[in-house]
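Note sheet for the following structure.
Chain naming here is simple, since letters A, B, ... match the order of the sequence lines and numbering starts at 1 in each. Only this structure's heavy atoms are used, side chains among them; waters, hydrogens and symmetry mates stay out. Being a predicted model, the structure only gives us computed values, none of them experimental.
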Protein chains: 2
Amino acid sequence: MRPPDFARMLRRSGGRATPGRLRLMRALWKEPAPVTAARLQKSLGRTLNLATLYRALDALAGVGVVRRVDFRHGHAHYELAAPARAHHHHLACTGCGAVEDVSCTLRPRLKRASAFSAITDHAMEYFGLCKACGARGAERVSRTRTEAME
Amino acid sequence: MRPPDFARMLRRSGGRATPGRLRLMRALWKEPAPVTAARLQKSLGRTLNLATLYRALDALAGVGVVRRVDFRHGHAHYELAAPARAHHHHLACTGCGAVEDVSCTLRPRLKRASAFSAITDHAMEYFGLCKACGARGAERVSRTRTEAME
DNA sequence: AACACAAATGCGAATTATTCGCAATAATGT
DNA sequence: ACATTATTGCGAATAATTCGCATTTGTGTT
Ligand SMILES: [Mn+2]
Ligand SMILES: [Mn+2]
Ligand SMILES: [Zn+2]
Ligand SMILES: [Zn+2]
C-alpha cells in the first residue's frame with residue numbers, strides 16, 4: 001500500500017504542509033504500532049524539536065489526523081488515524097509491550113438515550129500477555145520494561 | 001446500598017487495613033465518578049500525604065480494587081473497582097467534564113486467535129458532548145475547563 | 001514575483017503529575 | 001509481647017508535556 005498524499009491531507013485539515021510535518025507523517029506511516037513523541041523524534045533523526053513535535057501531534061490529534069493512545073505506560077503514544085489508517089484499537093502485552101491491532105467491535109452508538117447529545121470518539125485498549133510472556137510466567141514478566149514499551 | 005467491608009477487602013487483597021486506606025476507600029465509595037489523586041486528597045481533608053496516596057492507589061489498582069481511568073485530561077482518575085463496584089465504563093463530556101457510567105458491551109473475549117495467551121483487562125471510554133454542552137455549541141465549549149474535569 | 005499574515009518552529013525555561021529515597025510507624029501473624 | 005514487613009510522611013527528584021517569545025516560512029492574494 002503506497003503512502004497517502006500527506007501534503008493534501010495536512011492542508012485539507014486546516015494546517016500547512018511544512019517539511020517537518022510531512023516527515024512526521026511519513027515517519028508515523030511506517031510505524032507498525034503507536035509510538036511515543038520521543039521515539040518519533042529519534043526516528044526523525046532529531047530534526048524536529050521535541051516541543052514542536054508535541055505541538056504538531058497535539059494539533060493533528062485535534063483534527064483527527066493522529067490518534068493519541070494510552071497504554072498505561074505513563075506517557076502518550078501516537079499513531080496515524082483518520083483516512084490514512086482504518087479505525088482500530090489495540091491489544092497490548094503488559095509484559096513486553098508487544099502491540100497487536102484489533103478491529104473495533106463497538107456498537108456504532110450507545111443504544112439507550114443518555115444525557116449526551118453526541119458521542120464523538122472513544123478509546124479502547126485491551127491488556128494481556130502475549131504468548132511468549134504468558135509462557136514465561138506472569139509475575140516475573142510484570143516488572144520488565146522493554147524497548148517496545150517506550 | 002451500604003458500604004462493603006473495606007477492611008476485609010483490603011486484607012483479602014494482600015494489604016493492610018490502615019486507617020488511611022480505609023478512609024481512602026470510604027472516600028472513593030462516595031464519589032459518583034472517577035476522581036484525581038489531588039481531589040481525593042482534598043476530600044480526605046489532606047490527612048493523607050499525596051505520595052502515600054499515589055502509592056496506595058497504585059497498589060490497590062495493582063490488585064484490582066481500584067481502577068485507573070484516563071479521560072485525556074493529562075492526569076489520572078481513580079474509582080472503586082472489583083467487588084465494590086460493578087465493572088463498567090464511561091462517557092465523558094469533552095466540554096464540561098461531566099461523566100456518565102455506561103455498561104460494558106464488549107464481547108467477553110476476542111474471538112479470533114491472536115498472538116496473545118490471555119486478555120486480563122481493558123480500558124474504554126466514550127467521549128462526546130453532554131446535552132448542555134451540545135446546545136451551547138461545540139467550539140465555544142471545547143476550551144472550557146470545569147471543576148468536574150479536575 | 002513581491003506581500004501580508006497566520007501558522008509553525010526552535011530554544012530554553014516552566015509546569016505538573018507522579019515517583020523515589022529513607023527513616024519512622026504501625027498492622028498482622030505467631 | 002515480638003518479629004516481620006507494609007505503609008507513611010517528607011522532601012527531593014523525575015519525566016513528560018507545555019509555554020513564552022522571537023524568528024522563520026507556508027499560502028493565499030495582489
Ligand atoms: Mn494501531
Ligand atoms: Mn464510574
Ligand atoms: Zn509480551
Ligand atoms: Zn458537557
Side-chain angles (χ1 to χ4, degrees), chain A residues 5-27 34-42 44-63 65-78 143 145 147 149-150, chain B residues 5-25 27 34-42 44-63 65-78 143 145 149-150:
Chain A
D5 184 340
F6 292 125
R8 221 178 103 200
M9 192 175 294
L10 288 172
R11 297 199 187 92
R12 238 185 317 161
S13 66
R16 292 177 180 178
T18 70
R21 294 198 173 184
L22 284 172
R23 290 203 307 282
L24 160 53
M25 295 296 275
R26 285 192 287 265
V35 290
T36 64
R39 173 178 279 304
L40 188 55
Q41 188 201 27
K42 193 183 303 178
L44 285 172
R46 313 269 168 166
T47 55
L48 221 57
N49 178 275
L50 196 51
T52 302
L53 185 49
Y54 271 113
R55 273 186 292 229
L57 288 170
D58 186 56
L60 295 175
V63 295
V65 170
V66 159
R67 264 177 90 88
R68 199 184 319 239
V69 180
D70 174 35
F71 287 134
R72 298 175 174 172
H73 290 180
H75 45 241
H77 288 239
Y78 304 84
R143 40 194 118 286
R145 286 288 102 111
E147 182 182 274
M149 306 190 71
E150 279 167 19
Chain B
D5 184 340
F6 293 125
R8 222 179 102 201
M9 191 176 293
L10 288 172
R11 297 201 185 91
R12 237 186 317 163
S13 66
R16 294 176 180 178
T18 70
R21 293 198 175 185
L22 284 173
R23 290 205 306 283
L24 159 52
M25 296 295 276
V35 290
T36 64
R39 173 179 279 303
L40 188 54
Q41 189 202 26
K42 193 182 303 179
L44 285 171
R46 313 270 168 165
T47 56
L48 224 58
N49 178 276
L50 195 52
T52 301
L53 185 49
Y54 270 114
R55 272 185 296 228
L57 288 170
D58 187 56
L60 296 175
V63 295
V65 170
V66 159
R67 266 177 89 88
R68 198 184 319 239
V69 180
D70 175 36
F71 286 135
R72 298 176 174 172
H73 291 179
H75 45 239
H77 288 238
Y78 304 84
R143 40 196 118 282
R145 286 288 101 110
M149 307 190 71
E150 281 168 17

Does [X] make a side-chain donor-acceptor contact with the base of [N], cut-off 3.5 Å?
{"X": "Arg55(B)", "N": "dG21(C)", "answer": "yes"}
{"X": "Arg21(A)", "N": "dA8(C)", "answer": "no"}
{"X": "Arg16(A)", "N": "dA8(C)", "answer": "no"}

Next item on the list: Give a yes or no on whether the backbone of Asn49(A) and the side-chain of Gln41(A) come within a donor-acceptor separation of less than 3.5 Å.
Entry: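 Answer holds: no.
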
Item checked: Nearest-nucleotide 5' precedence on DNA chain C, Arg11(B) against Ala56(A) -> Ala56(A)

Next item on the list: Report the residue (Ala17(B) or Leu50(B)) whose heavy-atom-nearest nucleotide on DNA chain C is the more 5′ of the two.
Entry: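 The residue mapped nearer the 5' terminus is Leu50(B).
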
Notebook entry, point to check: Taking the side chain of Tyr54(B) as its heavy atoms from C-beta onward, which of dA17(C), dC11(C), dA26(C) lies nearest to it?
Noted result: dA17(C)

Notebook entry, point to check: Nearest to the side chain of His75(B), which nucleotide is it out of dT19(C), dA27(C), dT18(C)?
Noted result: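 Nucleotide nearest to His75(B)'s side chain: dT18(C).
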
Note to self: Reading DNA chain D from 5' onward, which residue's closest nucleotide shows up sooner: Gly20(B) or Thr18(A)?
What the structure shows: Gly20(B)

Restricting to non-hydrogen atoms, name the atom on [X] and the atom on [Y] that form the minimum distance, rounded to 0.1 Å.
{"X": "Leu44(B)", "Y": "Ala27(B)", "value": "CD2-CB, 3.7 Å"}
{"X": "Ala37(B)", "Y": "Leu57(B)", "value": "CB-CD1, 4.1 Å"}
{"X": "Met9(B)", "Y": "Met25(B)", "value": "SD-CE, 3.8 Å"}

Check: Ala76(A) near the nucleic acid: base, sugar-phosphate alone, or nothing, with a heavy-atom cut-off under 4.0 Å?
Finding: sugar-phosphate

Spacing of [X] atom [atom1] relative to [N] atom [atom2], expressed in whole Å:
{"X": "Leu53(B)", "N": "dT19(C)", "atom1": "CG", "atom2": "C1'", "answer": "13 Å"}
{"X": "Leu22(A)", "N": "dA8(C)", "atom1": "CG", "atom2": "P", "answer": "12 Å"}
{"X": "Arg39(B)", "N": "dT16(C)", "atom1": "CZ", "atom2": "P", "answer": "17 Å"}
{"X": "Arg68(B)", "N": "dA17(C)", "atom1": "CZ", "atom2": "P", "answer": "15 Å"}
{"X": "Gln41(B)", "N": "dT18(C)", "atom1": "CD", "atom2": "C1'", "answer": "13 Å"}
{"X": "Arg8(B)", "N": "dT28(C)", "atom1": "CZ", "atom2": "P", "answer": "14 Å"}
{"X": "Asp70(B)", "N": "dA17(C)", "atom1": "CG", "atom2": "P", "answer": "14 Å"}
{"X": "Leu40(B)", "N": "dT18(C)", "atom1": "CG", "atom2": "C1'", "answer": "15 Å"}

Next item on the list: Assign the ring pair His75(A) / His73(A) to parallel, tilted or perpendicular, where the plane angle (0 to 90°) is split at 30° and 60°.
Entry: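 His75(A) vs His73(A) ring planes: perpendicular.
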
Check: Stepwise, does the side chain to side chain contact (heavy atoms under 4.5 Å, CB included) test hold for Thr36(B) with His77(B)?
Finding: CA-CA 4 Å; Thr36(B) 64; His77(B) 288 238; 3.6 Å; yes

Notebook entry, point to check: Please walk me through it: do Arg68(B) and Asp58(B) pass side chain to side chain contact (heavy atoms under 4.5 Å, CB included)?
Noted result: CA-CA 9 Å; Arg68(B) 198 184 319 239; Asp58(B) 187 56; 3.0 Å; yes

Item checked: Segment of DNA chain D, first to last nucleotide, that comes within the 4.0 Å heavy-atom reach of chain A -> dA16(D) to dT27(D)

